[in-house]
Amino acid sequence: MRRLSYITLTVGLSLFASACTAPIPKDPEALAEYKRNNDKYEPTNREMYNLTTTVDKYTLRPVAKAYVWAVPKVVRKSLSNMITTMNEPVVFFSDVGAGKPRRAGDTFARWCINMVAGVGGFIDVASMVGYEHHDTTPGMTLASWGIKSGPYLFVPFMGPSSFREAGGSIIAVGLQPFNYVPRGYGLITFNWAYNILGVISSRADYLDAMDQLQRDSLDPYATIRSAYQQQQSAEIKELINDHRATTPAWYIK
């Protein structure tokens with residue numbers, strides 16, 4: 001599934017490489033909004049958005065609704081915890097790459113605690129003892145190095161992104177240990193099941209929000225773009241400004 005995402009991402013980037021850019025406005029106010037949106041490929045992005053939402057309507061959304069209906073909330077929460085735990089190695093290496101040893105240490109502690117005490121990650125014991133989850137992606141690490149995001153992209157079937165985040169997603173494939181498991185012992189099957197479940201679980205988490213967005217927003221595409229860019233900016237700022245000491249506060253005391 002991760003390799004399939006890599007292929008999808010590569011095809012998506014190829015489409016944008018040959019895409020026509022939106023005309024640059026001459027009106028000062030329109031030009032300011034154009035620069036703020038950072039969406040030079042908007043015509044192609046909107047086509048990719050419409051394609052993705054159409055396919056989602058008849059495929060992933062019904063599956064996600066069935067998943068919510070059939071699986072009790074407590075079980076869905078446990079499965080979501082497991083998915084988060086299995087992705088912690090990517091977060092760890094991203095923290096290390098960003099030069100944030102305290103964040104990396106917290107992530108490593110979360111992985112160890114949840115894999116052992118949390119029964120393979122199904123129970124988020126780490127949060128109970130003070131190691132809260134945080135998101136750090138390779139794309140955010142690249143941002144901490146001063147690499148610009150490039151234009152906004154809506155990659156088909158993967159959603160909002162940018163050239164920097166797209167590059168980070170490719171790096172993430174290489175940072176995920178499960179992509180290197182040997183054949184046999186059921187590990188390949190587990191890897192596929194884990195990735196497919198992750199897609200369904202993520203879609204289920206946003207069922208109500210996406211339905212409301214499609215129903216109430218005058219321009220869902222622009223709303224998603226704005227929300228994504230604001231969230232990215234906030235998370236990158238939080239990463240860069242995290243100057244906590246390596247030693248936990250409880251140890252110093």
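Quick note: residue numbers are just sequence positions, from 1.
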### Query
Should E29 and E33 be marked as a side-chain contact (heavy atoms from CB on, under 4.5 Å) after you check the CA-CA gap, both sets of side-chain angles, and the distance that decides it?
CA-CA 6 Å; E29 292 186 4; E33 183 178 2; over 6 Å; no

With side chains defined as the heavy atoms from C-beta onward, is the minimum distance between [X] and [Y] less than 4.5 Å?
X: I83; Y: N87; value: no
X: M48; Y: V155; value: no
X: R225; Y: E42; value: yes
X: E238; Y: T136; value: no
X: V90; Y: P138; value: yes
X: S226; Y: T223; value: no
X: Y34; Y: K40; value: yes

How far apart are the closest heavy atoms of [X] and [Y], and which atoms are they?
X: L142; Y: G168; result: CD1-N, 4.3 Å
X: A126; Y: I113; result: N-CG2, 3.8 Å
X: R110; Y: S127; result: NH1-OG, 3.1 Å
X: N38; Y: S149; result: ND2-OG, 3.7 Å
X: S162; Y: Y228; result: N-OH, 4.0 Å
X: E165; Y: S161; result: CB-OG, 3.5 Å

Nearest 0.5 Å, what's the [atom1]-[atom2] distance between [X] and [Y]?
X: R61; Y: T53; atom1: CZ; atom2: OG1; value: 12.0 Å
X: F108; Y: F93; atom1: CZ; atom2: CZ; value: 9.5 Å
X: I200; Y: K65; atom1: CD1; atom2: NZ; value: 15.0 Å
X: R203; Y: M210; atom1: CZ; atom2: CE; value: 5.5 Å
X: D135; Y: R103; atom1: CG; atom2: CZ; value: 9.0 Å
X: Q176; Y: M86; atom1: CD; atom2: CE; value: 9.0 Å

Under 3.5 Å, side chain of [X] to main-chain N/O of [Y], donor-acceptor pair present?
X: S201; Y: G198; result: no
X: S80; Y: R76; result: no
X: T141; Y: S94; result: yes
X: D124; Y: N114; result: no
X: N81; Y: I123; result: no
X: N241; Y: K237; result: yes
X: N45; Y: D39; result: no
X: R164; Y: I147; result: yes
X: S217; Y: Q214; result: no

Hydrophobic clusters here meaning ILVMFWY residues chained together by side-chain heavy-atom distances under 4.5 Å, can you tell me if [X] and [Y] are in one?
X: M140; Y: V96; value: no
X: L79; Y: V74; value: yes
X: Y131; Y: V91; value: no
X: I24; Y: Y41; value: no
X: W111; Y: F122; value: yes

### Message
One pair to check against side-chain contact (heavy atoms from CB on, under 4.5 Å): E235 and T137. What are the steps and the verdict?
### Response
CA-CA 10 Å; E235 289 181 343; T137 65; over 6 Å; no

### Task
Please work out which of the three classes, parallel, tilted or perpendicular, describes the rings of Y221 and F154, given edges at 30° and 60°.
tilted

### Task
Say whether D95 and H134, considering side chains only, have a donor N or O and an acceptor N or O under 3.5 Å apart.
yes

Strictly below 4.0 Å, N to O, side chains only: are [X] and [Y] in salt-bridge contact?
X: K100; Y: D242; result: no
X: D106; Y: R102; result: yes
X: D219; Y: R46; result: yes

### Task
Go through the steps for K35 and L31 under the test side-chain contact (heavy atoms from CB on, under 4.5 Å), then give the verdict.
CA-CA 6 Å; K35 292 180 178 178; L31 179 60; 4.0 Å; yes

